[in-house]
Amino acid sequence: MTAVDEEYVEAVLALVEQVPPGRVTTYGDLARAVGSAGPRQVGRVMALHGDAVPWWRVVHADGRPATCHGGTAVDRLRAEGVAFVDGRRVDLTAARVG
DNA sequence: AATATGACGACTA
DNA sequence: GTAGTCGCCATAT
(Lines give C-alpha, C1' and ligand atoms only; values in the text may rest on other atoms or scores of the structure.)
Protein backbone atom coordinates (compact mmCIF):
# COMPACT_ATOMS: atom_id res chain seq x y z
CA MET A 1 0.00 0.00 0.00
CA THR A 2 2.50 2.50 -1.03
CA ALA A 3 0.28 4.46 -3.31
CA VAL A 4 -2.92 6.21 -2.31
CA ASP A 5 -5.49 3.43 -2.26
CA GLU A 6 -9.11 4.02 -3.20
CA GLU A 7 -10.03 2.66 0.19
CA TYR A 8 -7.91 5.26 1.95
CA VAL A 9 -9.26 8.01 -0.27
CA GLU A 10 -12.86 7.00 0.35
CA ALA A 11 -12.27 6.88 4.09
CA VAL A 12 -10.92 10.42 4.15
CA LEU A 13 -13.51 11.86 1.78
CA ALA A 14 -16.32 10.20 3.73
CA LEU A 15 -15.18 11.83 6.96
CA VAL A 16 -14.85 15.24 5.30
CA GLU A 17 -18.35 14.99 3.83
CA GLN A 18 -19.66 14.20 7.30
CA VAL A 19 -18.36 17.52 8.61
CA PRO A 20 -21.43 19.78 8.96
CA PRO A 21 -21.42 23.49 8.02
CA GLY A 22 -19.98 25.73 10.70
CA ARG A 23 -17.68 22.93 11.79
CA VAL A 24 -14.16 22.00 10.76
CA THR A 25 -11.66 19.20 11.14
CA THR A 26 -7.90 18.98 10.94
CA TYR A 27 -5.55 17.00 8.72
CA GLY A 28 -4.00 15.26 11.68
CA ASP A 29 -7.43 14.44 13.03
CA LEU A 30 -8.43 12.82 9.75
CA ALA A 31 -5.13 10.97 9.57
CA ARG A 32 -5.73 9.48 13.02
CA ALA A 33 -9.39 8.79 12.21
CA VAL A 34 -8.41 6.64 9.25
CA GLY A 35 -5.56 5.26 11.30
CA SER A 36 -3.02 5.13 8.51
CA ALA A 37 -0.21 7.06 6.84
CA GLY A 38 0.16 10.62 8.06
CA PRO A 39 -1.38 14.07 7.80
CA ARG A 40 0.54 14.73 4.59
CA GLN A 41 -1.21 11.90 2.81
CA VAL A 42 -4.53 13.38 3.89
CA GLY A 43 -3.44 16.60 2.22
CA ARG A 44 -2.47 14.60 -0.85
CA VAL A 45 -5.92 13.04 -0.98
CA MET A 46 -7.43 16.52 -0.83
CA ALA A 47 -5.18 17.70 -3.63
CA LEU A 48 -6.21 14.74 -5.74
CA HIS A 49 -9.88 14.28 -4.86
CA GLY A 50 -10.65 17.27 -2.64
CA ASP A 51 -12.67 18.77 -5.47
CA ALA A 52 -15.46 16.35 -4.55
CA VAL A 53 -15.76 17.34 -0.89
CA PRO A 54 -15.96 20.53 1.25
CA TRP A 55 -12.16 20.72 1.50
CA TRP A 56 -12.32 24.20 3.07
CA ARG A 57 -13.68 22.55 6.26
CA VAL A 58 -10.37 20.77 6.57
CA VAL A 59 -7.85 23.04 8.29
CA HIS A 60 -4.39 22.75 9.85
CA ALA A 61 -3.84 21.77 13.46
CA ASP A 62 -3.29 25.47 14.20
CA GLY A 63 -6.74 26.40 12.90
CA ARG A 64 -5.39 28.07 9.79
CA PRO A 65 -7.32 27.16 6.63
CA ALA A 66 -5.70 25.49 3.65
CA THR A 67 -3.02 27.56 1.92
CA CYS A 68 -4.47 26.84 -1.50
CA HIS A 69 -7.08 28.75 -3.52
CA GLY A 70 -5.55 32.00 -2.36
CA GLY A 71 -7.58 32.37 0.81
CA THR A 72 -10.93 31.35 -0.61
CA ALA A 73 -11.33 28.96 2.30
CA VAL A 74 -11.56 31.73 4.90
CA ASP A 75 -14.40 33.37 3.00
CA ARG A 76 -16.33 30.09 2.75
CA LEU A 77 -15.80 29.28 6.43
CA ARG A 78 -16.93 32.74 7.51
CA ALA A 79 -20.00 32.40 5.28
CA GLU A 80 -20.90 29.16 7.06
CA GLY A 81 -20.65 30.81 10.45
CA VAL A 82 -17.44 29.16 11.59
CA ALA A 83 -16.07 30.72 14.78
CA PHE A 84 -12.90 32.61 13.98
CA VAL A 85 -10.06 33.78 16.19
CA ASP A 86 -8.18 36.94 15.32
CA GLY A 87 -10.17 36.99 12.09
CA ARG A 88 -8.02 34.46 10.32
CA ARG A 89 -7.73 31.42 12.56
CA VAL A 90 -10.57 28.98 13.12
CA ASP A 91 -11.61 28.49 16.71
CA LEU A 92 -10.90 24.79 16.92
CA THR A 93 -12.08 24.81 20.52
CA ALA A 94 -15.64 25.28 19.27
CA ALA A 95 -15.63 24.45 15.56
CA ARG A 96 -13.60 21.25 15.66
CA VAL A 97 -15.71 18.16 15.16
CA GLY A 98 -15.77 15.95 18.21
C1' DA B 1 18.98 4.19 -5.73
C1' DA B 2 19.18 9.08 -4.19
C1' DT B 3 17.31 13.71 -3.77
C1' DA B 4 13.75 17.12 -3.49
C1' DT B 5 9.10 18.43 -2.58
C1' DG B 6 4.43 18.66 -0.47
C1' DA B 7 -3.42 21.31 0.71
C1' DC B 8 1.19 18.61 7.71
C1' DG B 9 2.51 18.45 12.84
C1' DA B 10 5.22 19.19 16.64
C1' DC B 11 9.20 21.10 18.89
C1' DT B 12 12.68 24.65 19.89
C1' DA B 13 15.03 29.30 19.64
C1' DG C 1 4.03 35.53 17.52
C1' DT C 2 7.46 34.32 14.05
C1' DA C 3 11.19 31.47 12.08
C1' DG C 4 13.84 27.54 11.70
C1' DT C 5 14.24 22.51 12.06
C1' DC C 6 13.02 17.70 12.15
C1' DG C 7 9.91 13.78 11.50
C1' DC C 8 6.28 11.68 8.86
C1' DC C 9 4.87 9.04 4.31
C1' DA C 10 4.10 9.05 -0.74
C1' DT C 11 5.33 11.04 -5.33
C1' DA C 12 8.15 12.99 -8.98
C1' DT C 13 12.46 13.39 -11.31
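Treat the numbers as computed from the prediction; the structure is a model and nothing was measured. Letters A, B, ... mirror the listed sequences (proteins, then strands); counts begin at 1. The analysis underlying the following values was restricted to heavy atoms, covering all of them including side chains, and did not include hydrogens, waters or symmetry mates.
In this model, the phosphate group of B:dG9 is approached by a side-chain N or O of A:His60 to a distance below 4.0 Å at OP1 or OP2.
Between A:Leu48 atom CG and B:dG6 atom P the separation is 15 Å, expressed in whole Å. To the nearest angstrom, C1' of B:dC8 lies 9 Å from CG of A:Asp62. In this structure, the CZ atom of A:Arg40 is 6 Å from the P atom of B:dC8, given to the nearest Å. The distance from atom CG of A:Leu15 to atom P of B:dA7 is 21 Å, rounded to the nearest whole Å. C:dG1 atom C1' lies 10 Å from atom CZ of A:Arg64, rounded to whole Å. Residue A:Arg44 contributes atom CZ, which lies 7 Å from atom P of C:dT11 at whole-angstrom precision. Taking atom CG of A:Leu30 as the reference point, atom P of B:dC8 lies 13 Å away to the nearest angstrom. Rounded to whole angstrom, the span from the CD atom of A:Gln41 across to the P atom of C:dA10 amounts to 6 Å.
Under the 4.5 Å side-chain heavy-atom criterion for ILVMFWY residues, no single connected hydrophobic cluster contains both A:Val58 and A:Val19.
Salt-bridge check for A:Glu80 with A:Arg23: failed, with every basic side-chain N at 4.0 Å or more from each acidic carboxylate O.
Across all strands, A:Ala61 comes closer than 4.0 Å only to sugar-phosphate atoms, never to a base (heavy-atom distances).
Counting only heavy atoms from C-beta outward, the side chains of A:Tyr8 and A:Val34 approach each other to under 4.5 Å.
Between B:dA10, B:dA7, C:dA10, one nucleotide has an atom nearer to the side chain of A:Arg32 than all others, and that is B:dA10. Nearest to the side-chain atoms of A:Arg88 among the listed nucleotides B:dA7, C:dC9, C:dT2 stands C:dT2.
For the atom pair CG of A:Asp91 and CG of A:Asp86, the computed distance is 11.5 Å after rounding to the nearest 0.5 Å.
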